[in-house]
2 protein chains.
Amino acid sequence: VLLTVAYDGAPFAGYARQPHARTVAGELDGAVRAVDPKASLVRGVSRTDAGVHALAQRVAFDSVLDIPSRGWALALMRHLPHEIAIRRAALITPGFEPRRHSVEKTYVYRLYQSDLRDPFLAGRAWRVPQRLNHSAMAEAAKVLIGEHDFAAFRAAGDEREETVRKIFRIEVRTDSRDPRLLEIAVEGDRFMYRMVRIIVGALVDIGRGRLSAGALSRALETRQRRDLGVTAPPEGLYLERVLLDDEGTDPWPGPESFAPRSN
Amino acid sequence: VLLTVAYDGAPFAGYARQPHARTVAGELDGAVRAVDPKASLVRGVSRTDAGVHALAQRVAFDSVLDIPSRGWALALMRHLPHEIAIRRAALITPGFEPRRHSVEKTYVYRLYQSDLRDPFLAGRAWRVPQRLNHSAMAEAAKVLIGEHDFAAFRAAGDEREETVRKIFRIEVRTDSRDPRLLEIAVEGDRFMYRMVRIIVGALVDIGRGRLSAGALSRALETRQRRDLGVTAPPEGLYLERVLLDDEGTDPWPGPESFAPRSN
């Protein structure tokens with residue numbers, strides 16, 4: 001079974017299961033086992049950090065029970081807390097490993113510029129007290145588009161050797177209804193641990209004048225994490241979309257259920 | 001000191017203080033007393049129910065400390081949980097009772113039409129699984145505009161004699177970015193306990209065909225609560241604005257701080 005899952009990451013110690021902490025995978029495992037005690041553990045695409053949210057995480061598990069996709073979705077929802085929702089379910093090939101089929105991911109980072117905190121954005125967006133120069137951020141982001149060695153854009157201590165990644169799109173956009181809000185969308189093939197939050201942190205430091213406009217291209221050359229700015233905090237980050245090269249069959253509820261309703 | 005306060009009502013047992021429950025007034029009292037142990041208790045305009053939110057509740061208290069309005073706001077915020085924020089502070093006449101000076105209130109009710117729950121709207125909007133007829137709701141709401149006897153629109157058991165109220169505006173509006181969302185704004189002089197939630201419940205029952213279009217005018221005539229529909233749940237209700245006939249002086253941070261920032 002392949003699920004599309006949305007969650008508010010605030011109450012969880014991240015996606016990945018841990019022995020003594022409340023995690024998204026742990027909650028999903030519990031719900032799956034409540035329906036089928038012999039089912040496999042769940043296998044997710046992205047190990048989102050503590051506090052990070054998802055609009056469409058992709059998660060697979062195996063069960064021999066003969067339940068249609070819609071039945072799985074409804075049954076699992078009955079065993080999940082209100083912070084986690086199944087948005088779609090599909091029956092697919094047994095043993096399907098969504099992580100290996102992921103070809104593109106989109107993250108959205110939300111922040112708001114205000115010297116006053118907002119109770120309705122607590123845990124859901126990064127509050128930046130400075131006024132940001134949006135056009136400088138959008139302009140600076142352009143150098144990251146394409147295939148580059150992103151060695152500077154990974155967490156300190158990450159010693160992997162393969163650090164070339166491809167970024168398809170970075171968009172810096174404001175919200176017409178709430179001018180405090182700023183969203184940064186980043187789309188790429190694969191991301192290293194904390195890579196999106198380091199990109200966002202550097203862009204915000206450019207936007208408030210703490211980093212020069214040329215800092216990103218310099219970091220791509222030097223490959224040094226220290227040439228960039230802060231790491232943006234987890235609460236503003238949303239895994240928005242995962243594109244798989246094999247989507248399985250029999251989706252429930254199917255795309256049309258999410259289409260606008262009109263009267 | 002007169003405060004404008006925003007809060008997420010989800011974790012509280014309502015605005016009004018209670019001996020063994022976490023309330024908004026209780027948290028505000030605690031913060032005020034942490035700054036000035038001799039200050040008065042806080043006096044709010046609206047006793048919002050458990051789970052009901054506020055964007056701009058108005059609250060006053062008395063202190064003899066010589067602290068400027070901005071200093072009060074910053075000091076109180078240090079002692080408040082992230083669900084409560086001070087949006088503005090002003091120094092006013094001692095003993096000011098904001099409840100007596102309230103001349104107009106605006107409530108906004110948020111709901112979303114979906115058969116799937118949304119983790120980011122949990123506790124912040126009412127989920128209605130049916131498709132609603134928005135134009136029937138907007139049309140039906142018109143009969144409530146003006147001065148009427150709203151005896152049918154109060155909680156069962158409420159036996160007050162004076163039930164005439166004035167409604168200035170009811171607006172049923174959709175969200176262009178999220179077509180699931182529907183907002184109902186209600187503006188009036190004074191509201192009885194649960195009156196807004198009963199209005200919204202009746203409009204939703206009209207929108208899903210459970211109540212006839214004429215139900216509201218019939219209820220105004222019969223004065224019978226039973227001629228209306230369900231009471232909408234608290235989680236969708238927001239106290240959006242309170243207009244006072246005397247706003248005091250020396251506001252902090254002043255209206256311009258909430259104006260759009262541009263680059």
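- At a heavy-atom separation below 4.5 angstrom, chain B is approached by A:Y7, A:D8 within residues 7-15 of chain A.
- Looking at A:L80, both its backbone and its side chain come within 4.5 Å of chain B, counting heavy atoms on both sides.
- Rounding to the nearest 0.5 Å places NE2 of B:H82 at 12.0 Å from CZ of A:F120.
- Residues forming a side chain to side chain donor-acceptor pair (under 3.5 Å) with A:S63 (at least two apart in sequence, or on another chain): A:D36.
- Within 6.0 Å of CZ in B:R47 there are 12 or fewer heavy atoms belonging to other residues, nucleotides or ligands.
- The nearest pair of heavy atoms linking A:R117 to B:M77 is NH2-O, 2.8 Å.
- Put simply, the side chain of A:R177 never gets that close to the backbone of B:R177: no donor and acceptor are under 3.5 Å apart.
- Between B:E83 and A:P119, the shortest heavy-atom distance links the atoms O-CB, 3.2 Å.
- Ranking A:D178, A:L55, A:I84, A:D118 against chain B, the residue ahead of the rest is A:I84, based on heavy-atom pairs under 4.5 Å.
- Taking every heavy atom of both residues into account, B:L116 and A:I86 meet most closely at CD2-O, 4.0 Å.
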